[in-house]
Amino acid sequence: MAYWLMKSEPDVYSIDDLKKDKREPWDGIRNYQVRNMFRDQMKIGDLAFFYHSNCKPPAVAGIMSIASKAYPDATQFDPKSRYFDGKSDPENPRWLLVDVKYKRKLKREITLSELKEHKKLQDFRLNQRGNRLSVIPVTKKEWNLILNLE
DNA sequence: GCCAACGTTGGC
DNA sequence: GCCAACGTTGGC
């Protein structure tokens, strides 16, 4: 089983929204590296941190599981959506997504600055500068270290 | 609001 | 295929 961290801006979609919805398509990904991770690496049952980005403070807020295989993101064909992509061919959709399922909120949020301070997380992808991927792989070791901060 | 990092686009 | 211009992400 693999572990992930997935970013979302809480103003747009937060862990509390997912708690309410229980299960939701993780739509709007328009980055090929992330699409390929969805397609090639994510498996049903994988676990992912729900990370609140672009907010104060940025932090890991909860845990969810991957609930589907990758399938086409419907928003790419919806002209009203901000994620619309007119160049995507319905016969061969460019953008994929996975469904995620709410598991739980962390007992407390673990902030980015805490993660940065952690000696054993210096190599963690989220802590490296210029990291702009909205979905990043997490090793089992990193996963456990982060959960231990809870 | 600023800006560093980095992906994408398009002219050549 | 190169690379300048531009757009986006996201911490600060």
Side-chain angles (χ1 to χ4, degrees), chain A residues 2-21 24-42 46-66 68 70-100 102-139 141-150:
Chain A
Y3 300 92
W4 307 92
L5 178 144
M6 298 165 77
K7 300 177 186 173
S8 180
E9 300 187 16
D11 290 346
V12 179
Y13 197 81
S14 74
I15 186 73
D16 288 315
D17 294 319
L18 183 62
K19 186 176 183 181
K20 241 180 298 161
D21 295 335
E24 191 71 6
W26 198 264
D27 63 15
I29 296 294
R30 296 294 178 266
N31 172 285
Y32 289 106
Q33 282 183 64
V34 176
R35 182 207 58 188
N36 294 347
M37 283 193 258
F38 282 172
R39 188 187 58 197
D40 304 331
Q41 294 179 275
M42 275 194 182
D46 283 358
L47 293 177
F49 285 127
F50 193 121
Y51 177 80
H52 285 167
S53 71
N54 208 2
C55 60
K56 281 206 274 189
V60 177
I63 297 174
M64 56 197 171
S65 63
I66 305 305
S68 78
Y71 64 96
D73 180 342
T75 62
Q76 71 195 298
F77 302 121
D78 176 4
K80 292 195 293 286
S81 168
R82 62 178 283 222
Y83 301 122
F84 177 67
D85 181 354
K87 290 192 216 140
S88 184
D89 173 8
E91 295 299 311
N92 185 21
R94 181 180 292 187
W95 303 115
L96 305 175
L97 55 69
V98 296
D99 286 353
V100 296
Y102 176 79
K103 271 220 140 16
R104 68 177 179 89
K105 288 175 75 167
L106 297 190
K107 291 179 211 119
R108 63 177 194 91
E109 294 197 345
I110 298 166
T111 64
L112 180 62
S113 63
E114 283 181 83
L115 296 178
K116 288 201 155 147
E117 279 165 22
H118 200 298
K119 280 205 184 62
K120 290 182 178 162
L121 287 173
Q122 295 308 304
D123 294 333
F124 186 38
R125 193 104 173 246
L126 189 71
N127 287 342
Q128 278 153 26
R129 51 199 269 263
N131 165 50
R132 292 171 55 220
L133 282 186
S134 62
V135 175
I136 67 178
V138 178
T139 66
K141 208 167 146 192
E142 288 162 349
W143 180 271
N144 288 330
L145 284 170
I146 294 165
L147 271 188
N148 280 339
L149 296 173
E150 189 180 359

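Both backbone and side-chain heavy atoms feed into the values below; hydrogens, waters and symmetry mates do not. Small disclaimer: the values here were computed from a predicted structure and weren't measured. In the text below, chain A, chain B and the rest are named by the order of the sequence lines, each starting its count at 1.
Looking at Lys7(A), its side chain does come within 3.5 Å of a backbone N or O of Leu133(A) through a donor-acceptor pair. In this structure, the side chain of Glu142(A) engages the main chain of Thr139(A) through a donor-acceptor pair within 3.5 Å.
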What pairs of nitrogen or oxygen atoms, one from the protein and one from nucleotides 4-9 of chain C, lie under 3.5 Å apart?
| unit_1 | atom_1 | unit_2 | atom_2 | d |
| --- | --- | --- | --- | --- |
| dT8(C) | O2 | Arg132(A) | NH2 | 2.7 |

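Proximity of residues 25-32 of chain A to DNA chain C (heavy atom under 4.0 angstrom from any strand atom) is not detected for any residue.
Atom CG of Asp40(A) has more than 12 neighbouring heavy atoms from other residues, nucleotides or ligands inside a 6.0 Å radius.
When heavy atoms are screened at a 4.0 angstrom cut-off, Lys116(A) is found touching the sugar-phosphate backbone but no base atom.
A salt bridge is defined here as a Lys NZ or Arg NE, NH1 or NH2 lying under 4.0 Å from an Asp or Glu carboxylate O, and Arg35(A) with Asp73(A) fails to meet this definition.
For Ser8(A), the side-chain contact (heavy atoms from CB on, under 4.5 Å) partners at least two apart in sequence or on another chain are Tyr13(A), Trp26(A), Phe50(A). Scored by the ring pair (Phe, Tyr, Trp, His ring centres under 6.0 Å) test, Tyr32(A) finds Trp95(A) as partners (sequence neighbours excluded). Under the side-chain hydrogen bond (donor to acceptor under 3.5 Å, both in side chains) criterion, Asp16(A) pairs with Lys105(A), sequence neighbours left out. Partners of Tyr3(A) by ring pair (Phe, Tyr, Trp, His ring centres under 6.0 Å), not counting sequence neighbours, listed by chain and number: Trp143(A).
Here the C1' atom of nucleotide dG10(C) and the CG atom of Leu5(A) are 13 Å apart, to the nearest Å.
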